[in-house]
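This report concerns only the one structure given below.
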Amino acid sequence: MPPNDNLPGVYTNTAPGPAPNGLGQGLFASKAIPAGGDVLNIKTAFVAVLDTERLGDTCSGCFGRRYFGRDGDVSLRACTGCQVVRYCDKTCQSKDWKFAHSLECPTFKKLHPRVLPNNARALLRIVQRIQRGKYTPSELDRFAQLETHAASIREENPRQWERISLSAKAVSAYSGGGGVGGGMDEEEICGVGAKLDLNSFNLTNAQYDRIGLYLHPYAALINHSCAYNAVAGFDDDELFVKAVRNIAQDDQIFISYVDTTNPTQLRRQELRERYFFDCACPKCASSAQEQQDERQIIDAFRLLQSIPASTTHDEPPTATVQRLQSALRALHASTSCPVTSQPVVALRDELIASMLSAGMFYSAFAHAAVRYVRVDPVVYPFVGHPIRAVHAWALAKLAILLSQGGEGEGEGEADVRSSVERLGLNFGLIIWSVLRVLVAGEGAACAVPGFRGMVGATFGEVQGEFVRNGIEPGRMGVEIGREWEKVGRLVGDVIEGEG
Ligand SMILES: C[S@@+](CC[C@H](N)C(=O)[O-])C[C@H]1O[C@@H](n2cnc3c(N)ncnc32)[C@H](O)[C@@H]1O
């Protein structure tokens, strides 16, 4: 991809321009981009910080990039100055020190053991880097032009404005003012805080789990559509935006700011509250007639929200699993939500995560198979969609664990295990075929390089194991088809059990 002439580290097949229909500025394809193709790659963030709950388990230098996919615990060492941020080693520490930690470390130390929330830490970084002249004039110029909606935040979300003002007060006190970029008063810092809230992305790891927040003023130009044509992903703080559909030259690039599997009413509400616009995308327009179904789904969401959060720390994971399973059954009893609609989709994702924490590996495998076979092809129709790839990877990892004799535990686990054993599943062929699809589709895949590297290495090991045993799974299409018929029966049983 060609570099952007003005912005360091920005490579792109796009150009900025005014977006029609009152969307402000947007990004437009400077050439045709096929599905799976590159839209934008930004090597270094304008700002990126970890969420507070990830400071203890994620490296603040590489954001987990260097040890991603490695099994077992990774030991991170805390910064001896502030004790707040942690690193893999000196390389990661020195990278972060140069970027901004040298500026913020004394403040973190003073506040320890209190830790500033993620948006205040991001704001402090931006303000201190501006004051020390660490951004180029073109980066600052792009940042200055970003939308803030500050007046709307003040009027419509007074609590958000209060949080921004409090952060600005603290940052103004801690940043000390002055420097080559000049001092910034509290009001200016509030403006930066509003910009951060409106324009930041979820920083994710290579498996698309949220780990923090990220902002770059060029990427922030991408507008929203629920019928998006591109997705963003990260390796470390390197951003990759890829096409999930064929994009014609001069077409506008759209990502989704919200979970597009959510019902229209919820998506629109979230977009209104956080981004201050009413979405007029084709997906929102076409679901106007779905009022009846929508209402049922909204009721289902309320039911889900009435259940206490699944991540309460004092609840044993097996209890969470039971709670989620009964919520799934209650949803089926009270609404006609299909397995591919929300909140059933989100509930199953949570169920799989909770089953893993509870050590219910056979049950987690069965639900991951439901997701792979029945849910994702409908919810993410583009085969190279990164979420689909991550779910396929989770299924393969579970199959690897079970093939190595992983023992499940917990209520109901014995039943699922005996169903799997009755079916006589050949895990090896299932693992091989799931990974093979991921590796073969790599050209049109949107997953970030770190993820693809991890999948490729695992496929190589699995293939090597087969070859050592004199087997060529590439020639076993019929046998593999039979294994997927068995998986289909398992999937059918799970869905029937929920109904
Ligand atoms: C992250 S910014 C995107 C860049 C923005 N257009 C600009 O000129 O700075 C988000 C803001 O862009 C506008 N926007 C993005 N997508 C939109 C859409 N589909 N419809 C209307 N406004 C949209 C809204 O004002 C929203 O708060």
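Just so you know, residue 1 is the first one in the sequence shown, and it goes up from there. Counting convention: from 1, in listed order, for ligands and their atoms alike.
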Task: Sole candidate of Leu221, Val241, Asn13 that passes side-chain contact (heavy atoms from CB on, under 4.5 Å) when paired with Leu40 - done: Val241
TODO: Establish, yes or no, whether a centroid distance under 6.0 Å links the rings of Phe234 and Phe63.
DONE: no
Open item on the list: Parallel, tilted or perpendicular: which one describes the rings of Tyr257 and Phe277, with boundaries at 30° and 60°?
Closed with: perpendicular
Task: Those residues that, when tested against Phe99, pass side chain to side chain contact (heavy atoms under 4.5 Å, CB included) (two or more places apart) - done: Thr44, Arg125, Arg129
TODO: Would you please classify the geometry between the Phe46 ring and the Tyr135 ring as parallel, tilted or perpendicular, with 30° and 60° separating the classes?
DONE: parallel
- [ ] Non-hydrogen atoms closer than 4.0 Å to ligand 1: which protein residues do they belong to? List them by chain and number, please.
- [x] Leu23, Gly24, Gln25, Glu147, His149, Leu198, Asn199, Ala220, Leu221, Ile222, Asn223, His224, Tyr257, Tyr275, Phe277
Open item on the list: If the threshold is 4.0 Å, N to carboxylate O, is there a salt bridge linking Asp235 and Arg65?
Closed with: yes
